[in-house]
Amino acid sequence: MSGKTPTIVSIGAAVQDVFLSHSDEFVPVCANPHECFLKLELGAKADVNKIDFSTGGGATNASVTFARQGLNALFMGTVGHDPAGEAVLQDLDKEGVDTRHISYSDKYNTGYSMLLLAPNGERTILTYRGASTHYDAKNFDVSEVNADWLYVSSLAGSMDALSTIFHQAKKADIKVFFNPGKDELKQASKLKGLLDDVEVLSVNKEEAMKIVEGDSLEELVRHLLHYVPVAIVSDGPNGVMASDGETIVRAGMYQDVKVIDRTGAGDAFGSGFLSQWAQGKSLKDAIVFASANSTSVVTKIGAKPGILHAGVKLHEMPLTETKF
Ligand SMILES: Nc1ncnc2c1ncn2[C@@H]1O[C@H](COP(=O)(O)OP(=O)(O)OP(=O)(O)O)[C@@H](O)[C@H]1O
Ligand SMILES: [Mg+2]
């Protein structure tokens, strides 16, 4: 891959995210520290003092990381004929993401989320998934594009579509990065069957435990390596572990920041990793960038505003690398 700018196709959800915040009505009412609620009285009108329009969906967020890092970024996904779909397209166009392979649903509206942000950074999300849950493999012909990598986030549990897409990718010599969602993880045995065609698997700790046995990040990573050449298991602010079968990288928190909105942390992490790995950077360097990208994203409202641009200066982070 040396010398050539990698082309990465991102496949998955596209959603308009609308954030409502700065409301007295969003102050959590807690039964105990682990059980808090927003109290919205039926029939009442609640005033909200701030609104932010953003777009999301794992694959659109990832394609923006790739574009900001100077890679050739393509997005393949399905939207409806509506203002939310236009908002998604506008955001991607503005970032220089190639949207020529997008598909339109005649039946469903574009995915749309209303996020109610509490003053402590926690949020309650109301989501209409719409066009982002009805995937048809024929809209994702990856053999049409001359790509090096596929970045695949959740396809809402459409295992058959995933299997078709992964096979096509393999045939076309395109490597697959996979960050499955909850609907794929519910079908663990089918999911394991898909991993034959996956090069890099990135999951959080809870998700890893649904695929393999293990309690610690290290056990989970080692067990995932029975299925894929590169495995990454993240654990929120507690850090991350990754291995390519040669070395094993354990990293802590990149920076202790004030979390404003954690939407898109996982996407920024996975896409941050691949943006470097696809360029031939080391496992360690890819993990540092992934951590910096996701840490930046949680300091801003929305999944895209915090995504890092090329040339940003990174600092050291707690990290060790040992032989596998
Ligand atoms: N509170 C935090 N402070 C700093 N960094 C964070 C925080 N939460 C997450 N991150 C960063 O984001 C990365 C991914 O977070 P996490 O392990 O929670 O992924 P995830 O559960 O897949 O997220 P998502 O819910 O977005 O899919 C972490 O490895 C870390 O670098
Ligand atoms: Mg995730």
Side-chain angles (χ1 to χ4, degrees), residues 10 12-13 15 17 19 54-62 64-65 113 115 117-118 120-125 127 129 132 151-157 177-186 191 200-211 216-217 220-221 224 231-243 249-277 283-308 312 314-319:
S10 304
V15 181
D17 286 335
F19 293 81
S54 186
T55 64
T60 76
N61 299 336
V64 168
T65 295
S113 287
L115 297 94
L117 276 191
N120 62 356
E122 280 298 335
R123 81 256 147 126
T124 299
I125 310 180
T127 295
R129 295 185 195 278
S132 284
Y151 178 101
V152 184
S153 60
S154 176
L155 288 200
F177 176 107
F178 190 29
N179 175 220
K182 68 174 177 6
D183 295 319
E184 283 83 26
L185 289 152
K186 272 189 219 145
L191 174 73
V200 182
L201 179 71
S202 178
V203 284
N204 67 29
K205 188 176 177 189
E206 234 172 69
E207 295 165 345
M209 288 168 124
K210 294 195 172 137
I211 308 174
S216 67
L217 293 186
L220 293 164
V221 166
L224 288 174
I232 307 166
V233 182
S234 63
D235 189 17
N238 301 319
V240 56
M241 192 165 292
S243 179
V249 169
R250 301 163 174 81
M253 196 193 259
Y254 181 73
Q255 195 173 332
D256 193 3
V257 294
K258 179 169 163 38
V259 177
I260 301 294
D261 166 33
R262 72 174 310 294
T263 312
D267 303 331
F269 186 87
S271 59
F273 179 88
L274 186 58
S275 71
Q276 307 304 304
W277 188 246
L283 188 69
K284 172 175 168 271
D285 288 348
I287 290 292
V288 172
F289 184 80
S291 305
N293 201 36
S294 49
T295 302
S296 172
V297 159
V298 304
T299 64
K300 300 228 164 91
I301 290 182
K304 293 186 175 72
I307 293 173
L308 297 176
V312 68
L314 303 184
H315 57 72
E316 298 275 312
M317 68 180 287
L319 181 147

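Ligands are counted one by one from 1 in listed order, and the atoms in each one are counted from 1 as well. Below, each value reflects all heavy atoms present in this structure, side chains not excepted, and no hydrogens, waters or symmetry copies. These numbers come from a predicted model, not from an experiment.
- Within a 6.0 Å radius of CZ in R129, no more than 12 heavy atoms belonging to other residues, nucleotides or ligands are found.
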Intermediate values then yes/no, side chain to side chain contact (heavy atoms under 4.5 Å, CB included), D17 and T55 = CA-CA 5 Å; D17 286 335; T55 64; over 6 Å; no
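- In terms of modelled atom types and a separation under 3.5 Å, the side chain of E184 and the main chain of L155 share a donor-acceptor contact.
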Check: every ligand 1 N/O to protein N/O pair under 3.5 Å:
unit_1: ligand 1; atom_1: 12 (O); unit_2: S294; atom_2: OG; d: 3.2
unit_1: ligand 1; atom_1: 17 (O); unit_2: S234; atom_2: OG; d: 2.8
unit_1: ligand 1; atom_1: 17 (O); unit_2: G236; atom_2: N; d: 2.7
unit_1: ligand 1; atom_1: 18 (O); unit_2: R262; atom_2: NH2; d: 2.6
unit_1: ligand 1; atom_1: 21 (O); unit_2: N204; atom_2: ND2; d: 2.7
unit_1: ligand 1; atom_1: 23 (O); unit_2: G266; atom_2: N; d: 3.4
unit_1: ligand 1; atom_1: 25 (O); unit_2: R262; atom_2: NH1; d: 3.3
unit_1: ligand 1; atom_1: 26 (O); unit_2: G266; atom_2: N; d: 2.8
unit_1: ligand 1; atom_1: 31 (O); unit_2: S294; atom_2: OG; d: 3.0

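- When V221, V288, L283 are each tested for a side-chain contact (heavy atoms from CB on, under 4.5 Å) with V249, only one passes: L283.
- Of the options S271, S275, S10, a side chain to side chain donor-acceptor pair (under 3.5 Å) to T65 is made by S271 and by none of the others.
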Could you walk me through whether S54 and K304 pass the side-chain hydrogen bond (donor to acceptor under 3.5 Å, both in side chains) check?
-> CA-CA 8 Å; S54 186; K304 293 186 175 72; over 6 Å; no
